[in-house]
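Read the structure below first, then the notes.
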Amino acid sequence: MEKNMLFSQVKGLVHGGDYNPDQWLDRPDILAEDIRLMKKAGVNSATLGVFSWSAYEPVEGEFHFEWMEEIIEKLYQNGIYTILATPSGARPAWLDAAYPEAMRVDSQGLREHHGRRHNHCMSSPAFREKVSIIDRKLAERFGSHPGVLMYHISNELSGECYCPLCAKRFQEYLAEKFENDIEKLNHAWWTSFWSHHYNSFEQIEPPFQNGETSVMGLNLEWKRFTTWNMNDFMKHEISVLRSVTPDIPVTTNFMQLFEGLDYRKMAPELDAISWDNYPPFHNDGEPLAETLAETAFHHAVMRGLKRGKPFMMMESTPSLVNWHTFNKLKRPGVHMLSCMQAVACGSDTVQYFQWRKGRGSYEQYHGAVLDHIGTDDTRVFREVAEVGEAMRKLAPVAGTLVKARAALLFDWDNRYAIRDVRALADETKKYEDTCIGIWKQFLKLGVEMDVVGSDEDLSQYDLVIAPMLYMLQPGTAENLKRFVERGGQLMATYFTGYVDRDQLCFLGGFPGDGLAELFGIVSEEIDTYYPSDRNHICFEDGRAWEVTDYAEILQVKDAWVLARYAEDFYAGTAALTCREYGRGKAYYMAARVKPEEMESLFVQLLTEAKIPVRRLPDGVECHVRTGEEGTYAFYLNGNSGKVEIEGAEGMDLLTGTKIQGTFTLPGYGAAVLSQG
Ligand code: GAL
């Protein structure tokens, strides 16, 4: 058995999803049918109790767990494991009536009314106390049941609260961070500007919309505090569960690139990373293969949160969602393709929201395995059952890992800082899109890339791309230098190393903190283009790339100039440079160029890093998982038409066909070649 298996009980991959039987307790016929059909669909896990607080505790202090006990037991008898949620995603009405402090206060200072979900004051002692009571009871009642695989903490943690309790905690957080020395904070936040000096931590308010939003340090610390406080809340839930059942693993479901929480700070508290994946397939603006490739990036972000362990795709839809601008159906075959992609990218689970559509309320039309029609005689059910069958065939893949030799650096703090900085042009900053665009271009070259933090250990990589690394964490510059010194190939871009972790500009030239020495250049100015402005950068061999949005003007100190600007007052100056440093090379790309145009540069970097390039037909992805017992190459066709793949080898686990050389993948098809 692979040593990285998420669960020892499940001998393979997990297939299942959110199941809300509390909506159907008056329909035992439906509950019985659910189990019959779950088995038919190859479901081996159900996520229970995500929003069950009012069913467990209909009035304060009165608990009803018997219904859940029956469900968990019946599922288990039928080979279906439980992922048990804590119900803190939504509060019962009695709780808000008795403890109004649990309701959030918005950025205008207004307390919300009772309603909706995911909107608690994370600081509220009363809320935390009520959560710990119900969590403890759940762990005591169900934690020893052999069917319970893991705990799912709350749901999609998110949001900020501006209430007096949170404001006070924020002040305490700042006091601790700045060692009770308000002058340290004043210096870090540069409060001498506009006379914004603080005399004490008690004077600091959260960045209310109608209050202080012009101190960048304050805005950034508020973001960091929000993660800190959410993490503290999550740790509080985890500690209650662990105090009763220390051996049950915990996760919480993340939301793609959700900006509001720095997931890297939360990941260490969890035993497994899980996330909810709802790509806008078949949207008006882009080919499906592009949406698919962007989804691969999101999977890579999640994989990077806990390297060395498979992650979980905790939610996805088997058909459509009800909250996109236009809620289009997944076309036939796309469900299988997107599920195979999740596994290809390192997930050991394919899970849905949800098993059965409810009759009423907000999500009554959100896709589910079972529709209101109520039978298995539907396209969606058949496609889900096919996925179930595929997951069974892919059992040997469980516990294997995607191993990348290239990495792209992506930081949450950097996101906040770039979004907030009063510079460049808000509409073209596009930090996330820039990262995704470059990452996708490497995918098109057949290269698997991890997505990791700038201060993380880079020793497993031979190539690192650092797009727009505006903020340098303490230690990042050293980390990058070490990486290049020992033979790594590094590429950074315009807008690198301007500020430290407090957003104070480095003095003495960008990129700061010693990076100017690594790249052998100093960036003297950055030009922001209007959308219609263009420049070009030209190579001696005649290549010319179009520049949009941003162009830095460099002073070259000690680097080769590989390409120069062609136009404007800085025509003839360096636009792309390279410096040998130790055993590696540090490239600096001073302007924004479309990733497709930069392909020859990427190939050069890969060649120097000795990472093989493998061009696949347009729209096709290949991801490889390896483990002690085998290697599995996943081929995914994001085109609606068939494609020929060359140079493939192995036994296709999905069809049982032996492939050697060239094979055909049907439109939206997937193959998983076991290579022994
Ligand atoms: C998720 C959420 C689920 C459900 C689903 C619908 O974000 O966790 O509870 O609302 O979206 O797409």
Side-chain angles (χ1 to χ4, degrees), residues 14 16-24 43 45-56 82-92 115-120 122 150-159 230 233-234 237 250-261 263 266 270 272-283 291 295 298-299 301-302 311-330 334-335 338-339 342 347 349-372 380 384:
V14 168
D18 279 29
Y19 178 39
N20 296 303
D22 34 326
Q23 294 170 22
W24 302 98
V43 160
S45 121
T47 308
L48 292 171
V50 182
F51 295 108
S52 296
W53 199 334
S54 64
Y56 291 141
T82 290
I83 294 178
L84 185 64
T86 63
S88 61
R91 303 179 307 277
R116 304 188 316 273
R117 61 174 179 172
H118 304 165
N119 53 0
H120 335 294
M122 295 343 243
M150 116 184 284
Y151 294 127
H152 171 299
I153 306 292
S154 201
N155 194 62
E156 296 192 335
L157 295 166
S158 62
M230 191 64 81
F233 175 85
M234 186 180 81
E237 286 214 65
V250 297
T251 191
T252 191
N253 48 345
F254 289 152
M255 293 178 281
Q256 209 167 288
L257 292 190
F258 178 65
E259 197 186 86
L261 293 171
Y263 287 152
M266 301 172 77
L270 304 167
I273 301 301
S274 65
W275 78 288
D276 299 346
N277 178 24
Y278 294 103
F281 288 127
H282 315 291
N283 64 48
T291 317
T295 306
H298 296 139
H299 283 305
V301 172
M302 293 297 143
F311 62 90
M312 306 172 71
M313 182 170 75
M314 182 61 83
E315 288 183 27
S316 61
T317 175
S319 53
L320 76 173
V321 298
N322 70 337
W323 50 266
H324 285 164
T325 321
F326 295 89
N327 296 302
K328 191 151 175 146
L329 296 175
K330 275 179 170 171
V334 171
H335 181 53
S338 60
C339 293
S347 175
T349 78
V350 162
Q351 294 160 274
Y352 311 122
F353 180 87
Q354 59 175 330
W355 169 253
R356 182 185 280 277
K357 276 185 184 173
R359 285 191 69 191
S361 207
Y362 205 72
E363 296 187 328
Q364 68 195 126
Y365 294 112
H366 189 285
V369 180
L370 290 180
D371 214 320
H372 298 125
V380 170
V384 167

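Since we're looking at a predicted model, the values are computed, not measured. Just follow the structure's listing: the first ligand is 1, and inside any ligand the first atom is 1.
- Put simply, the side chain of Asp371 does not reach to within 4.5 Å of the side chain of Val380, judged on heavy atoms.
- For the pairing with His366, the ring pair (Phe, Tyr, Trp, His ring centres under 6.0 Å) check across Tyr352, Trp355, Phe353 returns one residue only, Phe353.
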Run through all N or O atoms in ligand 1 and write down each protein N or O closer than 3.5 Å, as a pair with its distance.
unit_1, atom_1, unit_2, atom_2, d
ligand 1, 7 (O), Glu156, OE1, 2.5
ligand 1, 7 (O), Glu156, OE2, 2.6
ligand 1, 8 (O), Asn155, ND2, 2.8
ligand 1, 8 (O), Glu156, OE1, 3.3
ligand 1, 8 (O), Glu156, OE2, 3.3
ligand 1, 8 (O), Glu315, OE1, 3.2
ligand 1, 8 (O), Glu315, OE2, 2.8
ligand 1, 9 (O), Arg117, NH1, 2.9
ligand 1, 10 (O), Arg117, NH1, 3.4
ligand 1, 10 (O), Arg117, NH2, 2.9
ligand 1, 10 (O), Glu363, OE1, 3.2
ligand 1, 10 (O), Glu363, OE2, 2.4
ligand 1, 12 (O), Trp323, NE1, 2.7
ligand 1, 12 (O), His366, NE2, 2.6

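- Aromatic ring orientation, Phe51 versus His118: tilted (interplanar angle from 30° to 60°).
- Leu261 is not listed as a side-chain neighbour of Met255, based on a closest heavy-atom distance of 4.5 Å or more.
- Separation of atoms NE2 (His120) and OG (Ser88) is listed at 5.5 Å; rounding is to 0.5 Å.
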Requested in this report: Run the numbers on Gln256 and Tyr278 for side-chain hydrogen bond (donor to acceptor under 3.5 Å, both in side chains), then give the verdict.
Outcome: CA-CA 9 Å; Gln256 209 167 288; Tyr278 294 103; over 6 Å; no
